[in-house]
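Below is one structure; the comments refer to it alone.
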Amino acid sequence: MFEDPYLGDMTPTAAIELAEAVVENGFAAHQATLAALLADARRHGVSEALVVAASDAAEPQPVRERALGMLVVRYVRLYEAGPDSRVDRAADRTGDRAGHCIAA
């Protein structure tokens, strides 16, 4: 069984397990872990529209679940592509480490 909360960059396996747990138990049961995944996804440049849709409690549950599923697919693909594909967007915005890539 998937355990909350997950800290740090989420592995592809953990992201998939989280999506499965959300479908089984609902978004509310995994808020902290979901927030960590969404923050990681945002930082690594996964679609902002998917992050917003998956995090918006006002959206219908099927819309949120679909957005989360699509987000997890893209997140996993980033990891499969290697560390050079995972750009730290937060560092880009601050200018501290512009273009710095996250090592897996």
Side-chain angles (χ1 to χ4, degrees):
M1 177 165 189
F2 188 83
E3 294 185 20
D4 283 345
Y6 186 94
L7 301 175
D9 273 359
M10 191 168 291
T11 65
T13 300
I16 292 166
E17 289 175 354
L18 174 59
E20 291 170 346
V22 165
V23 170
E24 185 175 325
N25 306 315
F27 282 89
H30 302 284
Q31 288 180 356
T33 309
L34 185 60
L37 172 62
L38 296 175
D40 285 348
R42 180 175 276 137
R43 190 174 75 237
H44 295 308
V46 175
S47 169
E48 182 67 17
L50 293 176
V51 171
V52 169
S55 64
D56 187 354
E59 289 285 352
Q61 185 166 337
V63 171
R64 291 183 76 193
E65 288 175 353
R66 183 173 172 95
L68 178 62
M70 292 172 67
L71 181 144
V72 168
V73 167
R74 290 182 186 193
Y75 188 86
V76 169
R77 285 183 184 158
L78 279 175
Y79 268 84
E80 289 173 349
D84 290 340
S85 66
R86 297 189 296 276
V87 176
D88 188 339
R89 302 292 184 205
D92 288 348
R93 284 191 300 274
T94 64
D96 293 339
R97 301 177 306 182
H100 177 72
C101 293
I102 303 299

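These numbers were taken from a predicted model, which means no experiment stands behind them.
Separating the CZ atom in Arg74 from the CG atom in Leu71 is a distance of 8.5 Å, to the nearest 0.5 Å. Here the straight-line distance linking atom OG1 of Thr13 with atom CG of Leu18 works out to 12.5 Å at 0.5 Å rounding. For the atom pair CG of Leu38 and CG of Leu68, the computed distance is 7.0 Å after rounding to the nearest 0.5 Å. With rounding to the nearest 0.5 Å, the separation of CD in Glu17 from CD in Glu20 is 7.0 Å.
Listed for the Tyr75 side chain is a donor-acceptor partner under 3.5 Å among the backbone atoms of Met10. No donor-acceptor pair closer than 3.5 Å links the side chain of Thr33 to the backbone N or O of His30.
Contact check for Leu34 versus Phe27: side-chain heavy atoms found under the 4.5 Å cut-off.
In terms of heavy-atom proximity, Val72 sits nearest to Ala15 at CG2-O, 3.8 Å. Of all heavy-atom pairs spanning Ala54 and Ala67, the tightest one is N-CB, 3.8 Å.
Residue pairs meeting the salt bridge (charged side-chain N to carboxylate O under 4.0 Å, His left out) criterion with at least one member in residues 45-65, sequence neighbours excluded, are Arg42-Glu48.
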